[in-house]
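Since the structure is predicted, the reported quantities are computational estimates derived from the model, not experimental observations.
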Amino acid sequence: MCGGKKGLVFAKCMKCACAEALARARWSQSRSLTVLPPLLAGAGAMSDGLGKAESGAQLLARLEGRSSLKRLEPCLFADEGYPIHGDIVEFHGPEGAGKTEMLYHLIARCILPKSGGGLKVGVLFIDTDFHFDMLRLVTILEHRLPQGTEEMIKWCLGRFFLVNCSSSAHLLLTLFSLENMFCSHPSLCLLIIDSISAFYWIDRVNGGENLSLQEANLKKCAQVLDKLVREHHLVLFATTQTIMQKSLNSAENSGKHQNESETDYRPYLCKTWQQLVTHRIFFSRQCHAGSTKGFSLTSCHIRNNNSVIKRSFSITECGIQF
C-alpha cells in the first residue's frame with residue numbers, strides 16, 4: 001500500500017514537472033529575441049561533437065545553405081559592392097562615430113523579409129560592450145515596416161540571436177560553442193562582434209609585461225573566428241575603438257595604405273587579427289560647417305590597394321541615411 005502511494009505521488013510530481021517544462025518551452029517560443037547562454041551552449045556543442053559526427057545532410061546544409069549578402073549595403077564596399085562568404089570587415093573609429101548605428105542598419109537589412117527590402121537571413125550578435133539597444137533596433141524595424149504588425153516584428157526578431165560576453169576568456173568560450181549553432185542554423189549568414197577591442201586594456205593589465213600573454217586570448221579568438229568564417233561560409237563584422245593616436249613620424253606612415261595614413265588609424269590589436277581583416281571601414285564625425293550628413297566613412301579593401309571609397313551619412317530616427 002505504501003509503495004502504491006509513493007508511486008502515485010511520484011507520478012503526480014512527474015506530471016507537474018512535465019507541465020512546467022511545457023509551459024517554459026511555449027514561453028521560450030513566444031519570445032521575440034533569442035538569447036544564447038554561452039557556457040550552456042558550449043557544453044551542448046561539445047557533447048554533440050563528441051557524441052556524433054556531422055552527417056552528409058548537415059554538411060550540405062552548412063556549405064550550401066548560406067544565402068548571399070549581395071544586397072546587404074553597397075555603399076559600404078569599394079570594389080565588388082558587397083561582402084562575400086569568408087570576408088571579415090572591421091569598423092574602426094572613435095566612440096560616437098556611428099559604428100553601432102551602422103550595425104543596427106545591417107541587422108535590419110538582414111532580418112527583414114524580402115518584401116520589406118530585407119534579405120531574410122539570420123544574424124548572431126556578440127555584445128562585449130553591453131551597449132546593444134533592443135528598443136533602437138525595434139524602432140528601425142517599425143519604420144521600415146510601416147504596415148507591419150507586432151507579429152511581423154517578432155517574426156523578424158526570430159532570426160536575431162544575441163550573446164553577451166564580459167571578458168576575452170568568456171568571448172573565447174562563446175566562439176568555441178558556436179560550431180553546433182552554425183551547423184544547425186544554415187540561415188545564419190552574418191556574425192557581428194561589437195566590439196573586438198573591448199577587452200584590450202584589461203588583457204594588457206592581466207598579461208603584465210609579457211606581450212604574448214597580453215594577446216593570448218585575442219589571438220585564440222581570431223584563430224577560432226577564422227575557422228568559423230571559412231568553414232561555415234559566414235561574413236563577420238567587428239568594431240574596434242580608436243584608442244591609439246596616429247604617429248607624426250612620416251617614416252612610420254610611409255608603409256601604410258594611403259587611406260590609412262589619411263585617417264587617424266594605428267593598429268594595436270594582435271597581428272593575427274590584423275591579417276584576417278579583408279575590409280576596413282573608418283568612421284568619423286564631420287566637423288566642417290554646412291554638412292547636413294554629420295558622419296562620414298572611408299572604406300578600404302585591404303587586399304586591393306586601389307579600392308577606396310568615401311561616403312557621408314546621417315543618423316535619423318528611422319536609421320542610417322546615405
Side-chain angles (χ1 to χ4, degrees), residues 69 72-84 87-107 109 125 128-129 131 190-198 200-201 218 222 225 229 235-250 252-316 319-322:
L69 298 180
L72 181 61
E73 183 46 79
C75 291
L76 283 180
F77 298 95
D79 189 8
E80 64 279 1
Y82 60 93
I84 60 176
D87 277 352
I88 296 180
V89 185
E90 180 183 306
F91 285 179
H92 182 81
E95 187 175 356
K99 300 186 300 297
T100 300
E101 278 289 334
M102 188 63 72
L103 294 179
Y104 292 143
H105 174 71
L106 298 179
I107 293 169
R109 289 291 292 268
F125 190 103
T128 61
D129 289 327
H131 288 167
L190 183 61
L191 173 61
I192 297 175
I193 302 178
D194 188 24
S195 73
I196 194 72
S197 63
Y200 173 75
W201 291 114
L218 181 58
L225 284 169
V229 168
V235 174
L236 168 65
F237 282 80
T239 64
T240 58
Q241 292 280 359
T242 300
I243 63 175
M244 294 289 188
Q245 295 298 318
K246 181 175 63 174
S247 173
L248 298 178
N249 187 342
S250 59
E252 182 179 346
N253 290 328
S254 61
K256 295 182 179 180
H257 297 294
Q258 180 182 358
N259 65 289
E260 292 184 5
S261 62
E262 292 175 353
T263 57
D264 187 13
Y265 176 71
R266 186 176 181 182
Y268 57 91
L269 297 181
C270 66
K271 289 184 179 179
T272 305
W273 167 256
Q274 301 294 336
Q275 293 169 354
L276 293 182
V277 177
T278 58
H279 300 76
R280 183 170 286 116
I281 303 178
F282 302 93
F283 286 74
S284 61
R285 295 184 70 100
Q286 294 185 353
C287 301
H288 55 272
S291 174
T292 59
K293 292 296 186 179
F295 301 87
S296 66
L297 63 85
T298 302
S299 179
C300 171
H301 194 314
I302 300 298
R303 296 173 186 175
N304 185 343
N305 294 341
N306 298 321
S307 296
V308 178
I309 62 167
K310 295 183 179 181
R311 306 280 190 193
S312 296
F313 64 95
S314 59
I315 299 175
T316 65
I320 295 289
Q321 299 291 328
F322 285 97

SG of Cys75 to CD1 of Ile320: how many Å apart, nearest 0.5 Å?
11.0 Å
Rounded at 0.5 Å granularity, tell me how far NZ in Lys310 sits from CD1 in Ile281.
14.5 Å
Are the side chains of Thr242 and Phe282 in touch, meaning some heavy atoms are under 4.5 Å apart?
no
Between the side chain of Thr278 and the main-chain N/O of Asp87, is any donor-acceptor distance below 3.5 Å?
no
Any side-chain donor paired with an acceptor under 3.5 Å for Ser195 and Gln241?
no
If you measure from OG on Ser314 to CD on Gln286, what distance do you get to the nearest 0.5 Å?
10.0 Å
Hey, mind stepping through Tyr268 and Tyr200 against ring pair (Phe, Tyr, Trp, His ring centres under 6.0 Å) and telling me if it holds?
CA-CA 9 Å; Tyr268 57 91; Tyr200 173 75; 4.9 Å; yes
About how many Å separate CG of Asp194 and CE of Met102, when rounded to the nearest 0.5 Å?
13.0 Å
Side chain to side chain contact (heavy atoms under 4.5 Å, CB included) between Ile196 and Phe237, worked out
CA-CA 10 Å; Ile196 194 72; Phe237 282 80; over 6 Å; no
Mind running side chain to side chain contact (heavy atoms under 4.5 Å, CB included) on Thr298 and Val308 for me, showing each step along the way?
CA-CA 7 Å; Thr298 302; Val308 178; 3.9 Å; yes
What are the two closest non-hydrogen atoms of Ile309 and Leu76, and how far apart are they?
CD1-C, 4.2 Å
Nearest 0.5 Å please: distance from the OG1 atom of Thr100 over to the CZ atom of Phe283.
9.5 Å
Heavy-atom pair with the smallest gap, counting every atom of Glu73 and Leu106
CB-CD2, 3.9 Å
Show, in sequence, the C-alpha distance, side-chain angles and deciding distance for Leu297 and Phe91, and conclude whether the side chain to side chain contact (heavy atoms under 4.5 Å, CB included) test is met.
CA-CA 9 Å; Leu297 63 85; Phe91 285 179; over 6 Å; no
For Arg285 and Phe295, indicate whether the former's side chain and the latter's backbone hold a donor-acceptor pair under 3.5 Å.
no
Leu190 CG to Leu72 CG distance, which is reported to the nearest 0.5 Å:
6.5 Å
Shortest non-hydrogen contact from Pro83 to Phe77?
CD-CE1, 3.4 Å
Between Ser299 and His279, does the side-chain hydrogen bond (donor to acceptor under 3.5 Å, both in side chains) criterion hold? Intermediate values first, please.
CA-CA 7 Å; Ser299 179; His279 300 76; over 6 Å; no
Between Thr128 (side chain only) and Ala198 (backbone N and O only), is there a donor and an acceptor less than 3.5 Å apart?
no
Using the rule side chain to side chain contact (heavy atoms under 4.5 Å, CB included), only one of Thr239, Thr240, Leu225 pairs with Ile193; which is it?
Leu225
Taking only residues at least two apart or on different chains, which pairs with a member in residues 90-102 satisfy salt bridge (Lys or Arg N to Asp or Glu O under 4.0 Å)?
Glu90-Arg280, Glu101-Arg136
side-chain hydrogen bond (donor to acceptor under 3.5 Å, both in side chains) partners for Thr272, two or more places apart:
none
Any non-hydrogen side-chain atom of Trp201 less than 4.5 Å from a side-chain atom of Ile243?
yes
Please identify each residue that fulfils side chain to side chain contact (heavy atoms under 4.5 Å, CB included) with Ser284, with sequence neighbours left out.
Ser296
Less than 4.5 Å apart, any side-chain heavy atom of Ser197 and any of Leu269?
yes
Using every non-hydrogen atom in the two residues, find where Phe313 and Ile315 come nearest and quote the distance to one decimal.
CE1-CG1, 4.2 Å
